[in-house]
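Scroll down for the structure; my scribbles are underneath it.
Atom set for the values below is all heavy atoms of this structure, side chains included, hydrogens, waters and symmetry mates excluded. Everything quoted here is computed from the prediction, not taken from an experiment. Chain A is the first sequence line, chain B the second, and so forth, proteins listed ahead of strands; every chain is numbered from 1.
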Protein chains: 2
Amino acid sequence: MVQEQSRSEKTRELIINSARKVFLEKGYAETSTRNIADVAGITQPAMYHHFNDKEAVYLEVVNRVGKDVREVIGQGVLKPRLQPLNRLDEITKNIFDIHPKGVGIFIHESYAHLSPAGQRKLGMLYRMYYLDPLTGYFNLPEVNLRKEVLPDEAADILISSLNAMFSSFYRVGGSSISSRDKGKLSLKLVLFGIAEEQD
Amino acid sequence: MVQEQSRSEKTRELIINSARKVFLEKGYAETSTRNIADVAGITQPAMYHHFNDKEAVYLEVVNRVGKDVREVIGQGVLKPRLQPLNRLDEITKNIFDIHPKGVGIFIHESYAHLSPAGQRKLGMLYRMYYLDPLTGYFNLPEVNLRKEVLPDEAADILISSLNAMFSSFYRVGGSSISSRDKGKLSLKLVLFGIAEEQD
DNA sequence: GTCTATAGAACGATAGAC
DNA sequence: GTCTATCGTTCTATAGAC
């Protein structure tokens, strides 16, 4: 049952998709409502006919992006042919493909600039679309977490630590290895550490 | 040979110490020149008699903070009585004591808001005061790094990953363990990973 | 050396014509 | 539903009196 889209709905979608590009690239604080309007090809005040304020646009974008993230995590967790490590490698690769400048600039750095209500909502969306699906991976029987770390903590640490390596000043593994292998190496470092375990 | 401090030098020191508090707490972008002047008890334009611009104040602050960081790392590396892990635990505790909101908000998040010359200088200061001293630790013969990771990469990963855990939405180890033990646990997770190594 | 006053730019958001 | 015009705020930085 495909519903015909009104002109207003089309413009609203256009704004969301334009905002998605800019918010993912620059984060909430560095994105102006004029940036979004320019990409959408409308004037800045026209945006306010479709959304109450900048925060409402952002949270709708997080909702859209989050659904994509949940989808790629869900796909990855259920791939039975792959070893667990390769499955997680595919998951994290897909997450960072969605976030060209990392997850932190899109989610974590935006948090402080929202209203209290917006902060609560962002925390909820982050948990629902990023952390809970990843917790599903760490709950798999074939994944062995260290006993001090709970599955939902592991999900948060994984995203935050990978993001830190992703946007680091330096580059892991030297300049000779491909970015694909760097992702896999970063993942191994988060999972198994940067040092050899002592006896 | 103690030199008497002129009034101008005293005001300059006052500005730097006030700016240090605010920059460490909020980072470069969220700190206004009025914030700094208010804490110093002067008017905002008076600052411009002592510094060319906001960036110059920030880079002088990074220079001061950085010297303190190099100092606590140097002290920690040379403590021969402690086991290497306890030594690194003491080092990272002291680094994060200097940065009440983490290293990232002070260094990494400021980078994008500086001029190209300022970015080069910040990168230089970060390497000189944070990474190089920590590389000294990872070069110690009793520290066993994973073979894929070079000592200077380890230094960068350590600071970035600890910072990510420090400012994470969630809290490692549950609410029952003290923040002191959380620091030690976070350090272990960076060094040895969050998962059990496979056979 | 520090002040008042203000320039000049960017921002989020609103008013009101069409 | 979209536009032009503009309000009110905040920001870095400068001009010029004292």
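Rounded to 10 degrees, the angle between the two end axes of the helix from C/dG1-D/dC18 to C/dC18-D/dG1 is 20°, with five pairs used at each end.
Judged by distance alone, with hydrogens and angles left aside, the side-chain atoms of B/R70 form no donor-acceptor pair with the main-chain N or O of B/M128 at under 3.5 Å.
Ion pairing between B/R34 and B/D38 fails under the 4.0 Å rule for side-chain N and carboxylate O. Salt bridge status for B/K101 with B/E109: absent, with no side-chain N to carboxylate O gap under 4.0 Å.
A distance of 6.0 Å or more separates the ring centres of A/H113 and A/Y58.
Applying the 6.0 Å contact sphere to CD of A/Q83 captures no more than 12 heavy atoms from other residues, nucleotides or ligands. Within 6.0 Å of atom NZ in A/K26, more than 12 heavy atoms from other residues, nucleotides or ligands are found, so the atom counts as buried in its surroundings.
In terms of the side-chain contact (heavy atoms from CB on, under 4.5 Å) criterion, residue partners of A/E71 (sequence neighbours excluded) are, by chain and number, A/Q75. With sequence neighbours excluded, the residues satisfying side-chain contact (heavy atoms from CB on, under 4.5 Å) with B/R20 are B/L24, B/V61, B/R64, B/V65, B/D68, B/I98. With sequence neighbours left out, the side-chain contact (heavy atoms from CB on, under 4.5 Å) criterion links A/T92 to A/L88, A/D89, A/L158, A/L162, A/L187.
We find that OH of B/Y48 is positioned 13 Å from C1' of C/dA7, with the value rounded to whole Å. When the P atom of D/dT12 is taken as reference, atom CZ of B/F51 falls 15 Å away, rounded to whole Å. Straight-line distance from the NZ atom of A/K54 to the P atom of C/dT14: 15 Å, rounded to whole Å. Distance, A/N52 CG to C/dT14 C1': 13 Å, rounded to whole Å.
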Pick out the pairs of N or O atoms, protein on one side and nucleotides 1-4 of chain C on the other, that lie under 3.5 Å.
from: C/dG1; atom 1: OP1; to: B/S8; atom 2: OG; distance (Å): 3.0
from: C/dG1; atom 1: OP2; to: B/H49; atom 2: NE2; distance (Å): 2.7
from: C/dG1; atom 1: O4'; to: B/R7; atom 2: NH2; distance (Å): 3.4
from: C/dT2; atom 1: OP1; to: B/T11; atom 2: OG1; distance (Å): 3.1
from: C/dT2; atom 1: OP2; to: B/H50; atom 2: NE2; distance (Å): 2.7
from: C/dC3; atom 1: OP2; to: B/T43; atom 2: N; distance (Å): 2.9
from: C/dC3; atom 1: OP2; to: B/T43; atom 2: OG1; distance (Å): 2.5

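A heavy atom lying under 4.0 Å from DNA chain D marks the following residues of residues 20-35 of chain B, by number: B/T31, B/S32, B/T33, B/R34.
Looking at B/E196 and A/K147, their side chains never come closer than 4.5 Å, going by heavy atoms from C-beta outward.
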